[in-house]
Student: 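Mind having a look at this structure? Questions to follow.
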Amino acid sequence: MSIRNRFIFSLIVSIPILINMVMMPFGYEIPGGVWSQFLLTTAIMLVSGRGFIQTAWASFKHHHANMDTLVAIGTLTAYLYSVYAMLNNQGVFFEDAAVVITLILLGQVFEENMKHSASGAVEKLLNLQAKNAEVLRDGKMVTIPLSEVVVGDILRVKPGQKIAVDGVITEGNSTIDESMVTGESMPTEKKVGDAVIGSTMNSNGTFMFKASKVGDDTLLAQIVEMVKKAQSSHAPIQKVVDKVADIFVPVVLIIAILTFVVWYSIVGASAVSTMLFTVSVIIIACPCALGIATPTALMVGTGRSAKMGILIKNGEVLEAVNTVKTVVFDKTGTITVGKPKVTDIIGDENQVLKIAAALESASEHPLATAILDKANGKNIEDTNLQNFQAIEGKGVRAQVDGQSAFVGNAKLLDDSKLSAELQAQMTQLQNEAKTVVVVGLNGDIIGLIAIQDAPKPSSAVAIAALKKAGMRTVMLTGDNQRVAQAIADQVGIDEVIADVLPGDKADHIKKLQEQAPVAFVGDGINDAPALTTANVGIAMGSGTDIAIESGGIVLVKNDLMDVVRALELSKKTFNRIKLNLFWAFIYNSLGIPVAAGVFFGLGLVLSPELAGLGMALSSLSVVASSLLLNKTKLATA
């Protein structure tokens with residue numbers, strides 16, 4: 001039977017007992033009197049209380065004690081004593097056992113609701129998947145169930161439709177709302193060659209795309225699975241809590257026995273009063289709040305981060321983040337865009353770009369792609385290209401609209417010479433770690449084009465935020481020192497480690513770990529060993545599958561500010577765990593002496609019913625504290 005159903009049963013059956021308890025001082029009693037209380041409480045013990053007793057017995061057989069041990073012992077003690085008292089015509093307190101079980105189950109129902117609300121937002125994403133897909137089969141577009149889509153299928157998406165699976169656009173363009181997965185509120189423009197994510201919403205265009213991932217391999221399915229694992233994992237601090245509980249429960253039982261002995265044998269109190277004190281000690285000490293302090297905060301924290309496009313894989317990562325003092329970044333694709341772009345054009349921009357684009361349209365060099373992308377953005381008109389010639393290591397030559405033209409590096413310059421002004425500009429651009437190509441027409445140099453893998457717009461802001469938070473920032477790259485230092489200067493990196501071979505990245509991480517715990521941010525296959533070696537590995541979601549698998553935190557969006565958000569939210573979640581544990585310990589520590597009757601002379605006593613209510617409220621306070629993580633402001637949000 002579920003916790004909710006056990007609670008509902010216990011609540012309904014305990015209502016007559018509660019009515020009897022309230023009416024007895026006025027001389028009224030429910031029909032059947034004490035025997036009715038006995039039957040109703042027996043039903044509660046068998047149906048609603050059985051779970052506590054079974055768990056306590058299983059723990060006892062394995063030489064352990066947990067919170068259910070205290071609940072089982074407390075309620076069984078109250079129940080069995082009442083049966084004895086009933087048969088001997090003495091005062092009973094069946095209501096204590098019935099009400100305590102009801103209140104404890106109430107706390108567990110709230111806890112269970114919290115779990116559903118914490119992970120429900122992510123689970124709902126799966127329910128938002130498209131049910132059908134329009135697929136090209138045998139030359140015709142047919143609508144098939146989502147489960148029948150296979151990798152390699154060509155699918156069509158019309159305006160307002162959901163994208164069925166992950167894939168790459170092959171025809172057409174559109175803007176897509178990816179907020180449900182990435183957390184990015186602005187629609188993203190997509191064109192041929194761009195990746196699309198299953199279950200996101202197409203806005204205004206019709207396009208065709210090729211399915212690359214289906215079923216459990218889609219990004220959305222992986223996100224849900226990752227969050228599930230994170231929410232069911234345990235932070236290392238939980239292991240300490242479990243060990244404390246193993247000691248705490250026997251200590252409480254010893255205190256309960258001493259309470260009974262002192263009140264009954266030394267003070268000379270009645271058996272009923274003594275039993276009340278003893279049962280109250282057992283119930284108030286029930287460490288339910290202690291047991292849920294870690295998992296509730298963990299579930300809420302990882303659930304919130306998932307909505308922001310930050311996937312925290314497990315509780316160990318949360319705790320490790322709390323110690324990080326150094327953040328190390330890969331350069332290409334992490335700090336930089338990972339795609340060379342034209343940054344400067346010296347000379348008549350339209351003419352220089354027109355000639356360069358015409359020549360590079362027949363080239364396959366990466367720098368050619370950057371020039372063509374720039375030309376496409378400027379709507380440069382087409383030209384007539386003849387006698388194309390690629391000169392290895394130098395550049396290209398051809399006839400452009402009947403005129404002799406060339407694009408290349410300084411080695412391509414034979415008779416042509418740079419003017420002093422162009423030479424100075426070229427030197428300055430090269431000092432900024434930019435690759436400079438020379439553009440010539442009819443033997444004259446008409447301009448320069450500077451190309452660089454530029455930093456992402458978010459890089460400098462993210463680095464500044466990390467440094468403000470007291471973090472040391474390091475760039476670890478295979479590029480040469482000059483290029484790396486130039487990028488580092490642009491974004492504000494503290495230290496550069498350049499000319500690093502792919503296999504040596506993990507070794508450099510180990511050296512940095514000798515000084516302080518390290519978080520490493522990367523996206524490539526060669527970053528996987530470093531991601532695993534670091535105290536916290538943060539993988540960019542745009543990176544390779546192996547890098548994502550190696551990271552402890554995965555950033556769905558290609559935004560370095562999410563590194564800052566991930567670290568901040570992880571720290572806040574772990575700090576909330578510690579706050580929850582503190583209040584749970586304080587509650588138990590203060591409650592036990594009161595329940596044991598230490599302050600009886602001052603008129604301060606705690607009945608089993610109030611102890612049960614207090615314990616339930618303690619659990620609810622921990623749940624509420626964890627849920628407040630959803631409202632906690634992030635400095636970087």
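We use all heavy atoms of the structure for the numbers below, so side chains are in, but hydrogens, waters and symmetry mates are not. All residue numbers refer to positions in the sequence shown, counting from 1.
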Student: Let me confirm one number: the CD1-CE distance from I463 to M471, rounded to the nearest 0.5 Å.
Tutor: 11.5 Å
Student: Go through the steps for Q481 and V496 under the test side chain to side chain contact (heavy atoms under 4.5 Å, CB included), then give the verdict.
Tutor: CA-CA 8 Å; Q481 183 68 36; V496 174; 3.8 Å; yes
Student: Could you go through F329 and I493, starting from their C-alpha distance and side-chain angles, then the distance that decides it, and tell me whether this counts as side chain to side chain contact (heavy atoms under 4.5 Å, CB included)?
Tutor: CA-CA 9 Å; F329 296 89; I493 288 280; 4.0 Å; yes
Student: Does the T533 side chain pair with the main chain of A530, one donor and one acceptor, at a distance under 3.5 Å?
Tutor: no
Student: Dump the intermediate steps for side chain to side chain contact (heavy atoms under 4.5 Å, CB included) on I553 and S305, then the final yes or no.
Tutor: CA-CA 10 Å; I553 296 175; S305 66; over 6 Å; no
Student: Going by heavy atoms in the side chains, are V150 and V135 under 4.5 Å from each other?
Tutor: no
Student: Only one of V563, D562, D559 forms a side chain to side chain contact (heavy atoms under 4.5 Å, CB included) with S458, so which one is it?
Tutor: D559
Student: Show the nearest heavy-atom pair for residues D153 and E148, with the distance to one decimal.
Tutor: OD2-O, 4.2 Å
Student: Among residues at least two apart in sequence or on other chains, which ones pass salt bridge (charged side-chain N to carboxylate O under 4.0 Å, His left out) with D217?
Tutor: none
Student: Checking T632 now: which residues fulfil side-chain contact (heavy atoms from CB on, under 4.5 Å) with it, not counting sequence neighbours?
Tutor: R304, K572, R576, L629
Student: Would you name the heavy atoms of S203 and S174 that are closest together and state the gap between them?
Tutor: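 Minimum heavy-atom separation between S203 and S174: N-OG, 4.0 Å.
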Student: Could you give the distance from CD1 (I487) to OG1 (T336), rounded to the nearest 0.5 Å?
Tutor: 6.5 Å
Student: Got H508 and F520 here, is their nearest side-chain heavy-atom distance under 4.5 Å?
Tutor: no
Student: Hey, what do you get for CG (N322) to CG (L567), rounding to the nearest 0.5 Å?
Tutor: 10.5 Å
Student: Does N202 reach the main-chain N or O of K158 with its side chain, forming a donor-acceptor pair under 3.5 Å?
Tutor: yes
Student: Going by the rule side-chain contact (heavy atoms from CB on, under 4.5 Å), which residues pair with V192 if we only count those two or more places apart in sequence or in a different chain?
Tutor: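 side-chain contact (heavy atoms from CB on, under 4.5 Å) list for V192, sorted by chain: I169.
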Student: Test your reading of the model: is there a side-chain donor-acceptor pair from K190 to the backbone of A195, 3.5 Å cut-off?
Tutor: yes
Student: Which value, rounded to the nearest 0.5 Å, describes the distance between I335 atom CD1 and M475 atom CE?
Tutor: 4.0 Å
Student: Are any side-chain N or O atoms of Q161 and backbone N or O atoms of A130, one a donor and one an acceptor, separated by less than 3.5 Å?
Tutor: no
Student: Rounded to the nearest 0.5 Å, how far apart are CG of N132 and OG of S147?
Tutor: 9.0 Å
Student: What residues, two or more places apart in sequence or in another chain, satisfy side chain to side chain donor-acceptor pair (under 3.5 Å) together with Q490?
Tutor: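 Q490: no side chain to side chain donor-acceptor pair (under 3.5 Å) contacts found.
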Student: What residues form a side chain to side chain donor-acceptor pair (under 3.5 Å) with T326, not counting sequence neighbours?
Tutor: none
Student: Which residue pairs pass the side-chain hydrogen bond (donor to acceptor under 3.5 Å, both in side chains) test when at least one of the two sits in residues 459-475, sequence neighbours left out?
Tutor: K467-D494, R472-E495, R472-Q515, T473-D494
Student: Just by distance, do the side chain of T218 and the backbone of D166 share a donor-acceptor pair under 3.5 Å?
Tutor: no
Student: For the residue pair N173 and F207, what are the closest heavy atoms and their distance?
Tutor: N-CB, 4.1 Å
Student: Could you pull out all residues at least two apart from D194 that satisfy salt bridge (charged side-chain N to carboxylate O under 4.0 Å, His left out)?
Tutor: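 Residues passing salt bridge (charged side-chain N to carboxylate O under 4.0 Å, His left out) with D194: K191.
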Student: Using the test side-chain contact (heavy atoms from CB on, under 4.5 Å), find all partners of V214 that sit at least two apart in sequence or belong to another chain.
Tutor: V149, V151, V165, A211
Student: Quick one: closest heavy-atom pair of G522 and L531, and the distance?
Tutor: N-CD2, 4.0 Å
Student: Within the side chain of D373, is there an N or O that forms a donor-acceptor pair under 3.5 Å with the backbone of A370?
Tutor: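 Not a single qualifying donor-acceptor pair exists.
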Student: Using the side chain to side chain donor-acceptor pair (under 3.5 Å) criterion, which residues pair with S625? Sequence neighbours excluded.
Tutor: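 For S625, the residues satisfying side chain to side chain donor-acceptor pair (under 3.5 Å) (neighbours in sequence not counted) are N580.
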Student: Do any N or O atoms from the side chain of S48 and from the backbone of F7 form a donor-acceptor pair under 3.5 angstrom?
Tutor: no
Student: State, to 0.1 Å, how close A519 and I538 come at their nearest heavy-atom pair, and which atoms those are.
Tutor: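 Closest approach of A519 to I538, heavy atoms only: CB-CD1, 4.5 Å.
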Student: Between V300 and N630, is there a side-chain heavy-atom distance shorter than 4.5 Å?
Tutor: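 Of all side-chain heavy-atom pairs linking V300 with N630, at least one is under 4.5 Å.
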Student: The criterion is side-chain contact (heavy atoms from CB on, under 4.5 Å); which residues satisfy it with A486, sequence neighbours excluded?
Tutor: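 Only A433 meet the side-chain contact (heavy atoms from CB on, under 4.5 Å) criterion with A486.
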Student: So L476 and I509, side chain to side chain contact (heavy atoms under 4.5 Å, CB included) or not? Walk me through it.
Tutor: CA-CA 9 Å; L476 189 62; I509 293 294; 4.2 Å; yes
Student: Atom OG1 in T334, atom CE in M540: separation rounded to 0.5 Å?
Tutor: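 One finds 6.0 Å between OG1 of T334 and CE of M540.
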Student: Would you confirm whether T323, through its side chain, and A320, through its main-chain N or O, come within 3.5 Å as a donor-acceptor pair?
Tutor: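 It does hold such a pair.
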Student: Looking only at heavy atoms, which two atoms of T477 and A484 are closest? And how far apart?
Tutor: CG2-CB, 3.6 Å
Student: Who pairs with T573 by side chain to side chain donor-acceptor pair (under 3.5 Å), at least two apart in sequence or on another chain?
Tutor: none
Student: Strictly distance-based, threshold 3.5 Å: is any side-chain N or O of N575 a donor or acceptor partner for the main-chain N or O of K571?
Tutor: yes
